[in-house]
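I have placed the structure first, in the form of structure tokens, so that the comments after it can refer back to it.
Computed from a predicted model, the values in this text were never measured in an experiment. This chain uses plain numbering: 1 for the first residue, then up along the sequence.
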Amino acid sequence: MGSQTKVGIGLTGSFCTFEAVFNALQQLRDDCPDMLLQFVLSYHTQQVHNRFSPPENTLQRCAALSKSPPILTIDAAEPVGPKRLLDIFVIAPCTGNTLAKLANGITDTPVLMAAKSHLRNGRPLLISLASNDALGLNLKNIGTLLNTKHVYFVPFGQDDAAGKPNSLVANVALLSAAMNAALEGRQLQPLVI
């Protein structure tokens with residue numbers, strides 16, 4: 001990943017994973033200070049008050065890591081592809097809801113529009129999964145996206161096999177390595193950790 005790499009970060013509503021994602025992004029920023037970060041926020045990320053990361057805190061964290069304001073609307077996300085604004089788009093965290101919509105071509109949030117628009121240019125989309133039903137109803141969507149050209153995953157595993165047997169969460173410590181692999185057109189292995 002070069003210092004001038006343009007990285008889009010789509011934040012969706014797995015609020016309990018925000019701290020780990022922001023820490024991984026801070027490490028990425030420290031390693032590549034000239035890298036350009038562009039945040040795209042889902043509507044839930046912008047609006048839902050929660051105990052992990054209230055919207056105002058999330059916006060402050062985005063502002064601290066990026067030199068440009070976040071994309072907050074579908075209209076603002078649509079030019080991502082036509083203007084070739086990004087080298088790679090990372091959905092981190094990617095909820096099961098976002099995963100399902102992505103696998104089925106639904107673009108009803110800024111993050112999904114940015115992903116669709118970005119993919120039209122054959123550029124890499126990296127998914128950092130955080131879903132309580134990944135090994136349930138969403139497993140078919142993971143399979144669909146694993147077989148979709150230019151779509152890659154941050155390696156993932158069960159975060160609480162006894163308490164939440166269908167839950168999968170990406171290992172965000174591997175975010176940088178997964179991004180480098182995706183920019184080279186390959187899936188970082190092993191995928192399941």
Within-4.5 Å side-chain heavy-atom neighbours: Leu85 and His118: no
Side chain proximity check, Leu135 to Gln158, heavy atoms < 4.5 angstrom: yes
Which pair of non-hydrogen atoms, one from Leu126 and one from Met179, has the smallest distance, and what is that distance? CD2-CG, 3.5 Å
Under a 3.5 Å cutoff, is there a donor and acceptor pairing between the side chains of Gln27 and Asn23? no
Are Val172 and Val169 linked, directly or through intermediate hydrophobic residues, by side-chain heavy-atom contacts shorter than 4.5 Å (ILVMFWY only)? no
Is a side-chain donor-acceptor pair under 3.5 Å present for Gln38 with Ser68? yes
Any salt bridge between Glu56 and Arg61, counting N to O under 4.0 Å? no
Going by atom types only, do Asp75 and Thr73 share a side-chain donor-acceptor pair under 3.5 Å? no
Using 0.5 Å steps for rounding, measure from the CZ atom of Arg29 to the CG atom of Asp34. 8.0 Å
If we count only N and O atoms by modelled type, under 3.5 Å, do the side chains of Asp133 and Asn166 hold a donor and an acceptor together? no
Which atom names give the shortest non-hydrogen contact between Leu191 and Gln187, and what distance separates them? CD1-NE2, 3.5 Å
Would you say Leu28 and Ile127 are hydrophobically clustered, going by side-chain heavy atoms of ILVMFWY under 4.5 Å? no
Between Phe22 and Leu11, the two heavy atoms sitting closest are CZ-CD1, 3.8 Å
Can you tell which of Asn180, Leu174, Leu175 makes a side chain to side chain contact (heavy atoms under 4.5 Å, CB included) with Leu188? Leu174
Is there a path of hydrophobic side-chain contacts, each under 4.5 Å between heavy atoms of I/L/V/M/F/W/Y residues, joining Phe52 to Leu65? yes
If hydrophobic clusters are built from ILVMFWY residues whose side chains come within less than 4.5 Å, do Val151 and Val192 share one? yes
Report yes if the side chains of Leu59 and Cys62 come closer than 4.5 Å at any heavy-atom pair, otherwise no. no
Begin from the C-alpha positions of Ile71 and Val111 and carry the test side chain to side chain contact (heavy atoms under 4.5 Å, CB included) through to its verdict. CA-CA 9 Å; Ile71 294 173; Val111 172; over 6 Å; no
Value for CD1 (Ile106) from NZ (Lys116), rounded to nearest 0.5 Å, stands at 12.0 Å
Keeping the roles fixed (side chain from Asn121, backbone from Gly81), state whether a donor-acceptor pair exists under 3.5 Å. yes
For Ala103, does its backbone N or O pair with a side-chain atom of Asn141 as donor and acceptor, under 3.5 Å? no
Quick one: CZ on Phe156 to OG on Ser131, what's the gap to the nearest 0.5 Å? 10.5 Å
With heavy-atom distances below 4.5 Å as the criterion, would you say the side chains of Met35 and Val7 are in contact? yes
Can you tell if the side chain of Thr5 reaches within under 4.5 Å of the side chain of Leu36, non-hydrogen atoms only? no
Applying side chain to side chain contact (heavy atoms under 4.5 Å, CB included), run through Ile88 and Val90 and close with a yes or a no. CA-CA 7 Å; Ile88 185 169; Val90 182; 4.3 Å; yes
Output the distance between atom CG (Asp160) and atom CG (Leu168), rounded to the nearest 0.5 Å. 12.0 Å
What distance do Leu102 atom CG and Ile91 atom CD1 have between them, rounded to the nearest 0.5 Å? 5.5 Å
Under the side chain to side chain contact (heavy atoms under 4.5 Å, CB included) rule, what do Phe153 and Leu145 come out as? Steps first, then yes or no, please. CA-CA 9 Å; Phe153 283 80; Leu145 291 170; 4.0 Å; yes
Flag side-chain contact, heavy atom, 4.5 Å: Pro82 against Arg120: yes
Sequence-distant partners of Phe15, ring-ring contact (aromatic ring centres under 6.0 Å, His included), two or more places apart: Phe18
Closest approach of Pro110 to Ala77 (non-hydrogen atoms, all atoms of both residues): O-CB, 3.3 Å
Tell me every residue that passes ring-ring contact (aromatic ring centres under 6.0 Å, His included) with Phe39, counting only those two or more places apart in sequence or in another chain. none
What are the two closest heavy atoms between Pro55 and His49, and how far apart are they? CD-ND1, 3.6 Å
Please report the closest heavy-atom contact between Leu99 and Leu129, naming both atoms and the distance. CD2-CD1, 4.0 Å
Is the shortest side-chain heavy-atom distance between Tyr152 and Leu125 below 4.5 Å? no
Using 0.5 Å steps for rounding, measure from the CG atom of Leu41 to the OG1 atom of Thr12. 10.0 Å
Asp108 side chain near Tyr43 side chain, heavy-atom distance below 4.5 Å: no
Quick one: does any side-chain atom of Ser167 pair with a main-chain N or O of Lys164 as donor and acceptor, under 3.5 Å? no
Are Val40 and Leu119 connected in a single hydrophobic cluster, I mean Ile/Leu/Val/Met/Phe/Trp/Tyr linked by side-chain heavy atoms less than 4.5 Å apart? yes
Treating Ser42 as the side-chain partner and Thr45 as the backbone partner, does any N or O pair qualify as donor plus acceptor under 3.5 Å? yes
Should we count CG of Leu137 as having more than 12 external heavy atoms under 6.0 Å? no
Thr58-Ser53 side chain donor-acceptor pair, cut-off 3.5 Å: yes
Could you walk me through whether Val80 and Leu86 pass side chain to side chain contact (heavy atoms under 4.5 Å, CB included), step by step? CA-CA 7 Å; Val80 163; Leu86 306 172; 3.7 Å; yes
